[in-house]
Enquirer: 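My structure is below; once you've seen it, I'll send some questions.
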Amino acid sequence: MAGALASILLAGGSLMTVFLSFCLLSFLLILLIQRGKFLYALRKVPYPTALPIIGNAYQLNCSQEDFFQKLVKWAREFGDIYLVWVGLRPFIFLYRVEAVQPLLSSSVHIDKSLEYQYLKPWLGTGLVTSTGKKWHFRRKLLTPTFHSGLLEAYFKTSKEESSIFISCLKKEVNKWFDIVPYAKRVALDIICDSAMGYKLNAQMNSKNEYVKAVEKIASIVQMRFTNVWISSDSIFKLTNAGKVHDHSLYIIKDFVDKVIVERKAEWKLKHDGNFNKPTNKRQALLDLLLEMSHNGTVLSDEDIREEVNTFMYAGHDTMATSISWALYALGRHPEYQEKILDEYNNVIGTADITLNDINKLIWLEACIKEHWRLYPAVPLIARQIYKPIDLMGNQIPSGSTVLINSYLLHRDPRHFPDPHIYRPERFLPDSPKLPLYTFIPFSAGSRSCIGWKFATLVVKVAILSVLRNFRVEALDKEDQLRFISELVLVNANGIRLKLTPR
Ligand code: HEM
């Protein structure tokens, strides 16, 4: 009896084993077919010689500077499109308007690449990192925060902070120095005052805890974007960078929360009808968010913190990078400094410049746009593909990551003759109009930069302030530049200028 039972159990057991093996094999077969289809879709996209499993990862184990050079070299070698395998993941590089247009004009392909998750502990799912319904809702809600009334307030802030910028730069005259740290601090002061209504004074006090925390977390997140070894959260947390990241996060949260609480109290006082207490403070973005929050029903404090942090992150490095590269380009081409100043003297003269006036300065605008073409502050724009999309005759499958290289896009000789030459005339109002998506310093389409008007204004004010006070020279020749594509475009040696008082 016991023997019969045992043989039934054994037979049942082996049936179960057969069944499980069948399921496993079918599962593997499905995975194999899916992978085959995936690879078939990408068959026409060239890539550098790749090794099994690791793909091109071995070629990417190089300095960030070499990595940038490789991106340029591969574009020259492979033509209109290429990809790089990082393990089993394809990263597809786009730099022809024919590929950029369908991607950026799509209302479907709006998801940021997987690497953006590294920003989430800091930015939560704010405007930069969110997608789907949440992103649509927030984008619609936040677009009016850059309306012209507020721009007027931001303009005043930019002028005030730029005059502090000048007094800091006066300490560096007649010698070579790196402008980037100065540009970072003025950008941080402007964005902090405009976003939170808080005078940070980073320019006068660079040792401020919050300033240091923002700088540290931004550079650590940047490192995670490119270093696969610290992509896993559990490994990252054990590293020194992981600990510094968490500490910085704590300082940032604590600071922003305090500012929100303070501002909320002031705002409540005002809205409870207590207008006797004078509040001559300028309206900041945070005030608008508090108004829109409808007592927490539309936006919670957490939501507000997400967006304030998002603006701080998206605004400070990009504006600092733009100010630095714009001065670099003008330092290499002093004749355009004179054109900008001549126009300034003719149009504005000795009067105090207004928001309306600044838009009349067409040489200033053309020089700034031309520097954005050559040195785009955000050189790579990344998207994760969740539905197949046709890009230049290739059905790019779901699961791919695509990256627009705007540094290369902006140097396409079909749209920019003598593409490596700084020629602001291209952007004068009577020059031929550029086809859409050929020039995208702020990206384009539904996920373009929400702060572009504000950023343009800040960069204009900062550049004018510097030019009116100093003659600018730039040390590195164009062929000596050593580009690095961090989240922003960096020169490995910094951006070294010499300022001579006018
Ligand atoms: C010169 C300075 C700036 C440049 C060159 C710049 C460039 C860009 C680019 C290229 C994107 C698209 C990124 C992507 O799709 O991956 C972007 C998005 C964004 N930018 Fe800017 N930006 C600048 C300044 C600012 C400022 C000052 C703010 C806020 C105050 C800001 C807020 C944002 C936000 C919130 C997004 C995400 C928008 C969305 O996904 O809906 N940016 N920016």
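Counting starts at 1 for both ligands and their atoms, following the listed order. Sequence positions, counted from 1, serve as the residue numbers for this chain.
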Enquirer: Does Y116 approach ligand 1 within less than 4.0 angstrom via side chain, backbone, both or neither, non-hydrogen atoms only?
Expert: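 For Y116, only side-chain atoms sit under 4.0 Å from ligand 1.
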Enquirer: If the contact criterion is a heavy-atom separation under 4.0 Å, does S448 count as touching ligand 1?
Expert: yes
Enquirer: Are the aromatic rings of Y182 and F177 close, with centres under 6.0 Å apart?
Expert: yes
Enquirer: Side chain to side chain donor-acceptor pair (under 3.5 Å) between Y336 and E370: does it pass, once the steps are laid out?
Expert: CA-CA 11 Å; Y336 290 103; E370 178 65 345; over 6 Å; no
Enquirer: Check each of F442, F439, W325, W452 against W372 using the ring pair (Phe, Tyr, Trp, His ring centres under 6.0 Å) test, and report the only one that passes.
Expert: F442
Enquirer: Can you list the atoms of ligand 1 that are under 4.0 Å from a heavy atom of R139?
Expert: 38 (C), 39 (C), 41 (O)
Enquirer: Only heavy atoms count here, so choose which of A377, P441, A326 is nearest to atom 7 (C) of ligand 1.
Expert: P441
Enquirer: Testing the 3.5 Å rule here: is there a donor-acceptor pair between the side chains of T125 and K134?
Expert: yes
Enquirer: Judged by non-hydrogen atoms, does R138 sit under 4.0 Å from ligand 1?
Expert: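 Heavy atoms of R138 never come under 4.0 Å of ligand 1.
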Enquirer: Using a 4.0 Å cut-off to any heavy atom of R383, which atoms of ligand 1 qualify?
Expert: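 Listed by number with element: 14 (C), 15 (O), 16 (O).
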Enquirer: Does an N or O from T310, backbone or side chain, lie closer than 3.5 Å to an N or O of ligand 1?
Expert: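 No - when backbone and side-chain N and O of T310 are compared with those of ligand 1, no distance drops under 3.5 Å.
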Enquirer: At under 4.0 Å between heavy atoms, is it the side chain or the backbone of P376 that contacts ligand 1, or both, or neither?
Expert: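 Neither; no heavy atom under 4.0 Å.
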Enquirer: How close does the nearest protein non-hydrogen atom get to atom 40 (O) of ligand 1, and which residue and atom is it?
Expert: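 The answer is R447 NE, 2.8 Å.
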Enquirer: Which of the protein's N, O or S atoms come within less than 2.8 Å of atom 21 (Fe) of ligand 1, not counting waters?
Expert: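 Hits for atom 21 (Fe) of ligand 1 below 2.8 Å: C449 SG.
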Enquirer: Of all the non-hydrogen atoms in the protein, which one sits nearest to atom 37 (C) of ligand 1, and at what distance?
Expert: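 Protein heavy atom with the smallest distance to atom 37 (C) of ligand 1: V128 CG2, 3.7 Å.
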Enquirer: With Y116 as reference, evaluate Y313, F225, W135 under the ring pair (Phe, Tyr, Trp, His ring centres under 6.0 Å) test and give the passing residue.
Expert: F225
Enquirer: Looking only at atom types and distance, does a side-chain atom of N405 sit under 3.5 Å from a main-chain N or O of L408, one as donor and one as acceptor?
Expert: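 Pair found, side chain donor or acceptor close to backbone of L408.
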Enquirer: Is the side chain of S406 donor-acceptor paired with the backbone N or O of V378 at a distance under 3.5 Å, no angle test?
Expert: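 Present.
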Enquirer: Any nitrogen or oxygen of W135 lying under 3.5 Å from a nitrogen or oxygen in ligand 1? Just yes or no.
Expert: yes
Enquirer: Taking only heavy atoms of I191 into account, list the atoms of ligand 1 that are under 4.0 Å away from them.
Expert: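 Answer, ordered by atom number: 30 (C).
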Enquirer: Looking only at atom types and distance, does a side-chain atom of Y437 sit under 3.5 Å from a main-chain N or O of A99, one as donor and one as acceptor?
Expert: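 Side chain of Y437 to backbone of A99, a donor-acceptor pair under 3.5 Å: no, none is there.
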Enquirer: Tell me the protein heavy atom at minimum distance from atom 1 (C) of ligand 1, and give that distance in Å.
Expert: S322 OG, 3.2 Å
Enquirer: Could you tell me which atoms of ligand 1, counted from 1 in the order shown, lie closer than 4.0 angstrom to a heavy atom of F311?
Expert: 29 (C), 30 (C), 35 (C)
Enquirer: May I ask you to say whether R383 pairs ionically with D111, meaning some side-chain N is under 4.0 Å from a carboxylate O?
Expert: no
Enquirer: I want to know whether F236 and H245 have ring centres closer than 6.0 Å.
Expert: yes
Enquirer: Should you measure from each heavy atom of I381, which atoms of ligand 1 turn up under 4.0 Å away?
Expert: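 So the atoms of ligand 1 that pass are 14 (C), 15 (O), 16 (O).
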Enquirer: Taking the six-membered ring of Y422 as reference, does the cationic atom of R332 (NZ for Lys, CZ for Arg) lie under 6.0 Å from its centre and within 45° of its axis?
Expert: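 Pair R332/Y422 does not count as cation-pi.
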Enquirer: Report, in ascending order of atom number, the atoms of ligand 1 lying under 4.0 Å from any heavy atom of K112.
Expert: 14 (C), 15 (O), 16 (O), 40 (O)
Enquirer: Classify the side-chain pair E65/S63 by whether it contains a donor and acceptor separated by less than 3.5 Å.
Expert: no
Enquirer: Walk me through whether F91 and N56 qualify under side-chain contact (heavy atoms from CB on, under 4.5 Å).
Expert: CA-CA 10 Å; F91 287 78; N56 300 105; over 6 Å; no
Enquirer: Distance alone, cut at 3.5 Å: any donor-acceptor contact between the side chains of R89 and T401?
Expert: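 Yes.
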